[in-house]
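Residue numbers count from 1 along this sequence.
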Amino acid sequence: MLSKFFPHIKEKPLSERVKSRDAFIYLDRVMWSFGWTEPENKRWILPYKLWLAFVNIVILILLPISISIEYLHRFKTFSAGEFLSSLEIGVNVYGSSFKSAFTLIGFKKRQEAKVLLDQLDKRCLSDKERSTVHRYVAMGNFFDILYHIFYSTFVVMNFPYFLLERRHAWRMYFPYIDSDEQFYISSIAECFLMTAAIYMELCTDVCPLISMLMARCHISLLKQRLRNLRSKPGRTEDEYLEELTECIRDHRLLLDYVDALRPVFSGTIFVQFLLIGTVLGLSMINLMFFSTFWTGVATCLFMFDVSMETFPFCYLCNMIIDDCQEMSNCLFQSDWTSADRRYKSTLVYFLHNLQQPITLTAGGVFPISMQTNLAMVKLAFSVVAVIKQFNLAERFQ
């Protein structure tokens, strides 16, 4: 059913030409709306840059400041549950501003990576290889739509409930607007700003996931090519050597692709690793001690969305590490025993390079993996344990 509205989430037939960069179709459209890309027509560059400045100043700078001022301006009006709900959102919004800045600054690097994907696509000649690319492209677009559904549901679950209760869902400060007397105006403004902030964060979370998903697509294709080395009889040793050399070029392109994206994702995931434990800890305290049924459901959705910011990407990075080991195994298990000395010496050199796994680090400090992700999430349970140990929840009530 979703494919009727979003046709790119469905795998295209081989009769249609599909490129790896098509996995970013829906993501690029959202980024374009925020001014994070470039206009196709150069005469619109100035208006587009002005739009970029306006949107990003409002969402990345003024929105976090608005939430902070509300704490100072009307702190005594917060209940414990409202304060924790606002605080967990506020912390995440500050983190989102930094993540969005890293993604925006990395635009040129992402464009370089797409050019490298185009070069990798030129090697996909057989129907089987093209079918694999089509499948991964559809998967990338599907993940983008899936994240839109998950993140939008948080707004949809919160806003109508608080509107009917005549309470503010996210408590922001707007100058010259009395949030009590002009309740509906301020509430709609809050909803609009929070929706924009959520979609910005969605871009920062989906971009690494789709990028590394396409890296894994071409890693899987390279594994198959390595398995098939010297499997076609009747070729000369020079042809076999050229076939191996092409695989070495593919591997070099993959390394260049990841290296181009490395500085973009390093800062983004580093910020998220720093925040995930604190944000989940605050959410768990709110859920356990201060939530009603409906706010509890909304808090659970928020916790799920926060977990989705790192878990799928870290899991994918683990899979790529395993794929690198499989690539070296595929090369070693190929039919190389009867090859000449040139082929064997080239194979040994290539095998050594394949044994170096493709890894990413967050801020040059944390390896991006499931182990690091779980270690950061454990901080949430530590926060809850401290609150329960000192009975702080009862004091807040």
Side-chain angles (χ1 to χ4, degrees), residues 20 23-24 95 98-99 102-103 105-106 108-117 119-120 132 136 139-140 143 204-226 247-277 307-332 347-379:
S20 294
F24 301 89
F98 284 101
K99 290 164 58 181
F102 283 123
T103 304
I105 293 170
K108 290 185 178 179
K109 289 290 185 181
R110 290 187 283 110
Q111 293 302 104
E112 291 175 13
K114 288 180 180 179
V115 172
L116 293 170
L117 280 180
Q119 295 181 39
L120 287 166
T132 300
Y136 273 87
M139 196 185 307
F143 282 149
T204 67
D205 297 333
V206 174
C207 184
L209 182 63
I210 297 179
S211 298
M212 295 310 291
L213 182 70
M214 295 317 298
R216 187 163 191 259
C217 167
H218 288 282
I219 288 173
S220 65
L221 293 175
L222 180 55
K223 284 194 299 183
Q224 189 59 44
R225 291 174 194 141
L226 293 174
C247 290
I248 294 174
R249 292 196 188 102
D250 293 341
H251 184 248
R252 183 66 260 172
L253 284 173
L254 278 168
L255 294 179
D256 290 342
Y257 174 76
V258 175
D259 287 341
L261 296 171
R262 200 182 302 275
V264 183
F265 302 154
S266 176
T268 302
I269 303 301
F270 179 72
V271 171
Q272 191 56 42
F273 275 161
L274 292 180
L275 294 180
I276 185 171
S307 300
M308 290 290 288
E309 293 176 10
T310 55
F311 173 79
F313 183 64
C314 290
Y315 182 73
L316 184 59
C317 287
N318 272 39
M319 295 178 71
I320 288 177
I321 292 173
D322 294 338
D323 287 337
C324 291
Q325 181 61 45
E326 289 181 23
M327 277 199 297
S328 60
N329 293 339
C330 290
L331 179 60
F332 184 75
L347 183 140
V348 169
Y349 168 78
F350 188 26
L351 186 61
H352 174 72
N353 288 336
L354 285 178
Q355 289 173 336
Q356 311 300 317
I358 297 175
T359 58
L360 297 174
T361 57
V365 179
F366 308 115
I368 301 178
S369 63
M370 283 301 298
Q371 291 83 353
T372 306
N373 189 51
L374 293 175
M376 296 301 173
V377 170
K378 286 179 182 178
L379 178 61

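- Rounding to the nearest 0.5 Å places CG of Asp250 at 11.0 Å from CG of Leu255.
- Counting heavy atoms from C-beta outward, Leu120 and Leu221 have side chains that stay 4.5 Å or more apart.
- To the nearest 0.5 Å, atoms CD (Gln224) and SG (Cys247) are separated by 11.0 Å.
- With rounding to the nearest 0.5 angstrom, the OG atom of Ser369 is 14.5 Å from the CE atom of Met319.
- Formation of a donor-acceptor pair under 3.5 Å by the Tyr136 side chain with backbone atoms of Ser20 is not found in this model.
- A donor-acceptor pair under 3.5 Å links the side-chain atoms of Thr372 to the main chain of Pro367, judged by distance alone.
- The main-chain N or O of Met370 is found under 3.5 Å from a side-chain atom of Asn318 such that the two form a donor-acceptor pair.
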Check your understanding: Hey, mind stepping through Asp323 and Arg216 against side chain to side chain contact (heavy atoms under 4.5 Å, CB included) and telling me if it holds?
Key -> CA-CA 8 Å; Asp323 287 337; Arg216 187 163 191 259; 2.6 Å; yes
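- In this structure, Phe273 and Asn373 have side chains that are in contact, with non-hydrogen atoms separated by less than 4.5 Å.
- The backbone N or O of Thr361 sits less than 3.5 Å from a side-chain atom of Ser266, completing a donor-acceptor pair.
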Practice item. In sequence, state the C-alpha distance, the side-chain angles, and the governing distance for Phe366 and Met376, and then conclude on side chain to side chain contact (heavy atoms under 4.5 Å, CB included). Key: CA-CA 10 Å; Phe366 308 115; Met376 296 301 173; 3.5 Å; yes
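- In this structure, CG in Leu209 is found 11.5 Å from OG1 in Thr204, a value given to the nearest 0.5 Å.
- Remark: Ser211 OG to Lys109 NZ distance equals 14.0 Å, nearest 0.5 Å.
- Between Cys207 and Arg110, the shortest heavy-atom contact is SG-CD, 3.4 Å.
- Expressed to the nearest 0.5 Å, how far CG of Leu374 lies from OG1 of Thr310 amounts to 9.0 Å.
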Practice item. Evaluate the criterion side chain to side chain contact (heavy atoms under 4.5 Å, CB included) for residue pair Cys330 and Met327; output intermediate values, then yes/no. Key: CA-CA 5 Å; Cys330 290; Met327 277 199 297; 5.7 Å; no
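- Smallest separation of non-hydrogen atoms from His251 and Asn353: CE1-O, 4.0 Å.
- The two residues Ile210 and Gly140 make their nearest non-hydrogen contact at CD1-O, 3.4 Å.
- When all heavy atoms of Tyr257 and Ala113 are compared, the closest pair comes out as CD1-O, 3.3 Å.
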Check your understanding: Which is it for Phe24 and Leu117 under the side chain to side chain contact (heavy atoms under 4.5 Å, CB included) test, yes or no, and what are the steps along the way?
Key -> CA-CA 12 Å; Phe24 301 89; Leu117 280 180; 4.0 Å; yes
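- Closest approach of Cys317 to Leu360, counting heavy atoms only: SG-CD1, 4.2 Å.
- When all heavy atoms of Val271 and Gly95 are compared, the closest pair comes out as CG1-O, 3.6 Å.
- Proximity of a side-chain donor or acceptor of Arg262 to a complementary backbone N or O of Thr359 within less than 3.5 Å is detected.
- The aromatic rings of Phe313 and Phe265 stand perpendicular to each other, their planes meeting at an angle above 60°, with 30° marking the opposite boundary.
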